[in-house]
Amino acid sequence: MISDKDTAYTVDGNLLRPCKLVVMSSPSDDVLRTLREFVERLDQFDSDAPLVGTLSVGAGGAVDELPLRLPVARALVEALLSYHDPRDFGTCAHCRTGRLDRHFVCRTCGIVDGVFGQMLAERAAREFMIN
């Protein structure tokens, strides 16, 4: 997370001009802050919902105990299940176990998947039949 902390000055020739000093927070701080804000945002709508547990999150030496009410638990499960990693291009149709890379090549069997892979396989087969 980027935040404006202070105003600093830089020398540009003889001219001093103001610029912003940017402070980066750590990824573990971002995880804790984001989960805390998620819980707080949803608890505003249903603060009387039954408490189903406590979510303990530890990162970077800090541990946060967050109340886990039923609507928050459901929303967290839904958010995690619906997340799609942009690096995930699906399962290989050939071996059915491997994952495809961004070029649709299976990381397990090495076959190029999909229509493009089928076209390459057909062209290669024709090429080898001719020669």
Side-chain angles (χ1 to χ4, degrees):
M1 183 73 191
I2 297 175
S3 62
D4 296 331
K5 203 61 166 174
D6 211 345
T7 302
Y9 294 92
T10 183
V11 177
D12 188 17
N14 292 329
L15 178 65
L16 291 176
R17 62 182 176 86
C19 67
K20 294 289 183 181
L21 178 64
V22 177
V23 178
M24 299 284 292
S25 61
S26 73
S28 58
D29 291 340
D30 289 345
V31 169
L32 290 175
R33 181 185 41 74
T34 302
L35 279 171
R36 189 180 315 108
E37 289 172 359
F38 182 81
V39 169
E40 290 170 358
R41 188 172 64 241
L42 292 177
D43 273 349
Q44 291 177 12
F45 299 110
D46 214 355
S47 60
D48 295 334
L51 193 62
V52 295
T54 305
L55 181 62
S56 297
V57 183
V63 177
D64 229 348
E65 298 280 330
L66 303 170
L68 192 59
R69 299 187 192 290
L70 189 57
V72 174
R74 287 181 177 153
L76 190 56
V77 168
E78 182 181 338
L80 292 172
L81 290 175
S82 66
Y83 174 75
H84 175 78
D85 191 313
R87 300 168 299 173
D88 184 3
F89 293 93
T91 305
C92 176
H94 177 73
C95 70
R96 307 243 187 263
T97 57
R99 303 304 296 176
L100 303 176
D101 68 10
R102 66 187 183 120
H103 302 292
F104 299 102
V105 176
C106 177
R107 295 176 186 206
T108 302
C109 69
I111 300 287
V112 180
D113 198 65
V115 175
F116 181 65
Q118 181 181 353
M119 182 196 68
L120 287 176
E122 289 171 1
R123 285 208 174 177
R126 279 194 304 244
E127 189 70 30
F128 288 118
M129 287 175 40
I130 294 171
N131 294 329

For Ser56 and Glu65, does a side-chain donor sit closer than 3.5 Å to a side-chain acceptor? yes
Check the hydrophobic clustering (I, L, V, M, F, W, Y; side-chain heavy atoms under 4.5 Å; chains of links allowed) and say if Leu66 and Val52 are grouped together. yes
Using side chain to side chain contact (heavy atoms under 4.5 Å, CB included) as the criterion, list what pairs up with His84, not counting sequence neighbours. Asp88
Is it the case that more than 12 heavy atoms not belonging to Glu78 sit under 6.0 Å from its CD atom? no
One pair to check against side chain to side chain contact (heavy atoms under 4.5 Å, CB included): Cys92 and Leu100. What are the steps and the verdict? CA-CA 6 Å; Cys92 176; Leu100 303 176; 4.1 Å; yes
In this structure, SG of Cys95 is separated from CD1 of Ile111 (nearest 0.5 Å) by 8.5 Å
So, Asp101 side chain and Val105 main chain: donor-acceptor pair closer than 3.5 Å or not? yes
Would you say Thr91 and Arg99 are linked by a side-chain donor-acceptor pair, where the criterion is simply a distance under 3.5 Å? yes
Shared hydrophobic cluster, Leu81 / Phe38 (ILVMFWY, side-chain heavy atoms < 4.5 Å): no
4.5 Å side-chain heavy-atom contact, Pro71 and Asp46: yes
Output the distance between atom CD (Glu37) and atom CD (Glu40), rounded to the nearest 0.5 Å. 7.0 Å
Mind checking the CZ-SG spacing from Arg96 to Cys106? Nearest 0.5 Å is all I need. 11.5 Å
Ignoring hydrogens, what is the shortest heavy-atom contact between Pro67 and Leu51? Give both atom names and the distance. CB-CD1, 3.8 Å
Which pair of non-hydrogen atoms, one from Arg87 and one from Arg107, has the smallest distance, and what is that distance? O-NH2, 4.3 Å
Distance-minimising heavy-atom pair for Leu55 and Leu68: N-CB, 4.3 Å
Would the distance check show the side chain of Asp113 and the main-chain N or O of Ala93 forming a donor-acceptor pair, the cut-off being under 3.5 Å? yes
Which distance, rounded to the nearest 0.5 Å, do you find between the CZ of Arg69 and the OG1 of Thr54? 10.0 Å
Where do Thr108 and Gly98 come nearest, in terms of heavy atoms and distance? OG1-CA, 3.1 Å
From Arg41 atom CZ to Asp43 atom CG, the distance as rounded to the nearest 0.5 Å: 11.0 Å
Roughly how far, to the nearest 0.5 Å, is the CG atom of Leu35 from the CG atom of Leu76? 6.5 Å
Hydrophobic cluster membership, Val77 vs Leu42, 4.5 Å side-chain cutoff: no
For atom CZ of Phe45, is the number of surrounding heavy atoms from other residues, nucleotides or ligands below 6.0 Å larger than 12? no
